[in-house]
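Numbers for residues simply follow the sequence, beginning at 1.
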Amino acid sequence: MPDNGWPADRIDTENAHSARIYDYILGGKDYYPADKEAGDAMAREWPALPVHMRANRDFMNRAVRWLAEEAGVRQFLDIGTGVPTSPNLHEIAQAVATESRVVYVDNDPIVLTLSQGLLASAPEGRTAYLEADFRDPAAILDAPELRETLDLSRPVALTVIAIVHFMLDADDAVGVVRRLLEPLPSGSYLAMSIGTAEFAPEEVGRVAREYAARDMPMRLRTLDEARAFFTGLELVEPGIVQVHKWHPDGSGEQGVRDEDIAMYGAVARKP
């Protein structure tokens with residue numbers, strides 16, 4: 001039983017998990033042998049996988065910084081948080097405005113076990129962690145952790161980073177995102193990264209098969225399918241682009257080839 005009171009046996013260490021594979025590929029330490037085996041197998045199929053995953057993480061950092069600095073957003077709802085990796089979203093937002101508030105949402109017990117790092121808010125702001133399934137928007141929106149942390153009468157940035165490619169058609173990912181956006185007021189934002197195989201179909205297809213072999217089937221989307229998430233919203237320039245092309249800041253995009261990136265990214269405002 002870890003210190004937070006949650007039973008350690010809830011964590012499945014025998015089978016790979018997408019969040020822990022991501023942590024391993026990014027050079028983290030919160031993974032198990034099954035995650036390392038899976039990550040190594042995937043990187044053999046597509047050696048650019050670490051470049052791709054780092055570019056996705058960098059996109060999240062830039063998008064959150066833009067939302068805090070340029071859009072003036074002070075509230076964030078982060079879906080599919082994953083294993084904490086510094087800088088975490090609240091660290092980026094609170095570096096701009098210490099009063100920023102963040103609710104993190106994930107359904108992996110290991111994220112909950114490690115969530116103390118996500119709750120180390122600046123005293124002027126606040127963070128909360130909510131264990132919930134992305135596919136159940138009502139449970140997220142009605143949760144006390146959210147209602148006590150965020151004021152839904154004021155703009156909120158909904159961040160959905162590198163998660164919808166694990167939602168199959170039956171999960172209605174577009175509908176889920178719309179239901180999460182519905183109660184958020186005008187001036188709120190949606191920031192997303194969306195998996196695609198359009199730039200390296202053979203290599204990314206092989207990686208997807210490795211995920212599927214470990215009971216993590218993927219639904220990779222075309223640009224037209226990615227656009228569906230932003231219907232009725234006002235896209236921030238440059239629109240929906242590969243993540244390394246969204247507001248590059250020169251810190252990690254040099255030398256990155258389009259075929260090394262399998263993720264679209266965009267930020268859009270709710271009118």
Side-chain angles (χ1 to χ4, degrees), residues 18-19 21-28 39 42-71 76 78-83 85-89 91-93 95-96 157-166 173 177 189-208 211 218-230 233 235-269:
S18 59
I21 295 169
Y22 188 61
D23 180 69
Y24 168 66
I25 294 291
L26 290 180
M42 293 168 187
R44 284 194 297 270
E45 295 294 347
W46 188 34
L49 183 63
V51 175
H52 155 79
M53 287 188 170
R54 173 52 62 190
N56 176 74
R57 185 74 188 184
D58 290 345
F59 162 76
M60 187 277 285
N61 294 351
R62 295 194 307 276
V64 170
R65 189 167 62 246
W66 186 93
L67 286 162
E69 287 182 346
E70 304 298 330
F76 296 82
D78 185 53
I79 304 294
T81 296
V83 174
T85 302
S86 188
N88 292 298
L89 190 154
E91 295 172 312
I92 300 166
V96 176
L158 173 65
T159 57
V160 185
I161 306 297
I163 187 67
V164 294
H165 52 273
F166 292 113
V177 170
Y189 284 82
L190 171 64
M192 288 189 71
S193 61
I194 301 163
T196 184
E198 291 196 301
F199 300 92
E202 292 184 9
E203 295 87 341
V204 176
R206 292 197 298 267
V207 172
Y211 272 104
M218 302 179 82
R219 173 64 164 88
L220 299 165
R221 290 173 170 83
T222 65
L223 178 57
D224 281 344
E225 289 171 326
R227 287 193 182 103
F229 288 98
F230 300 96
L233 304 179
L235 282 163
V236 173
E237 291 294 334
I240 305 172
V241 295
Q242 285 176 285
V243 288
H244 65 301
K245 296 181 177 180
W246 195 90
H247 290 244
D249 59 10
S251 63
E253 304 85 14
Q254 300 95 328
V256 176
R257 306 175 304 164
D258 289 356
E259 57 265 36
D260 291 342
I261 304 299
M263 203 79 76
Y264 284 117
V267 176
R269 181 182 182 276

Exercise for the section: Mind checking the CE-CE spacing from Met60 to Met192? Nearest 0.5 Å is all I need. Expected result: 15.0 Å
Practice task
State, with a plain yes or no, whether a side-chain heavy atom of Phe76 is found less than 4.5 Å away from one of Leu89.
Solution key: yes
Handout entry: Min side-chain heavy-atom separation His247-Arg65 under 4.5 Å
Key = no
Handout entry: Nearest heavy atoms of Met263 and Ala162, plus distance in Å
Key = CE-CB, 3.9 Å
Problem - Distance in Å, Met218 CE paired with Ser18 OG, rounded so as to fall on 0.5 Å steps - result: 8.5 Å
Fill in the blank from the handout: In this structure, OG1 of Thr196 is separated from CD of Gln242 (nearest 0.5 Å) by 8.0 Å
Problem - Side-chain touch Met42/Tyr211, heavy atoms, less than 4.5 angstrom - result: yes
Problem - Pair Arg62-Asp249, side chain to side chain contact (heavy atoms under 4.5 Å, CB included): steps then yes or no - result: CA-CA 8 Å; Arg62 295 194 307 276; Asp249 59 10; 3.7 Å; yes
Handout entry: Heavy-atom closest pair, residues Gly82 and Ala19
Key = CA-CB, 4.1 Å
Completion exercise
Closest non-hydrogen atoms of Ala43 and Leu49, given as atom of the first, atom of the second and distance, are N-CD2, 4.0 Å
Exercise for the section: Fit a plane to each ring of Trp46 and His52, take the angle between them on a 0 to 90° scale, and name the class: parallel (under 30°), tilted (30 to 60°) or perpendicular (over 60°). Expected result: tilted
Problem - Between His244 and Asp258: side-chain donor-acceptor atoms closer than 3.5 Å - result: yes
Handout entry: Flag, side chain of Ser193 to backbone of Gly265, donor-acceptor distance under 3.5 Å
Key = no
Completion exercise
In this structure, CZ of Phe59 is separated from CG of Asn61 (nearest 0.5 Å) by 10.5 Å
Exercise for the section: Answer yes or no: is there a side-chain heavy-atom contact under 4.5 Å between Val267 and Leu67? Expected result: yes
Exercise for the section: Enter the distance from Ile25:CD1 to Asn56:CG here, rounded to the nearest 0.5 Å. Expected result: 13.0 Å
Handout entry: Considering all heavy atoms, the nearest Ile261-Val243 contact
Key = CG2-CG2, 3.6 Å
Handout entry: Arg219 side chain vs His165 backbone, donor-acceptor pair below 3.5 Å
Key = no
Handout entry: Step-by-step side chain to side chain contact (heavy atoms under 4.5 Å, CB included) determination, Ile240 to Phe229
Key = CA-CA 11 Å; Ile240 305 172; Phe229 288 98; over 6 Å; no
Completion exercise
On a heavy-atom basis, the closest approach of Ala266 and Gly239 is CB-O, 3.7 Å
Completion exercise
Distance col, row Trp66:CH2 vs Ile92:CD1, nearest 0.5 angstrom, shows 15.0 Å
Practice task
In sequence, state the C-alpha distance, the side-chain angles, and the governing distance for Ile79 and Thr159, and then conclude on side chain to side chain contact (heavy atoms under 4.5 Å, CB included).
Solution key: CA-CA 6 Å; Ile79 304 294; Thr159 57; over 6 Å; no
Identify each donor-acceptor pair in which a side-chain atom of residues 197-204 lies under 3.5 Å from a protein atom, sequence neighbours left out, and give them as a table.
| residue | atom | partner | partner atom | Å |
| --- | --- | --- | --- | --- |
| Glu198 | OE1 | Leu223 | N | 3.0 |
| Glu198 | OE1 | Tyr264 | OH | 2.5 |

Handout entry: Heavy-atom closest contact (Pro87 atom, Glu91 atom, distance)
Key = CA-OE1, 3.0 Å
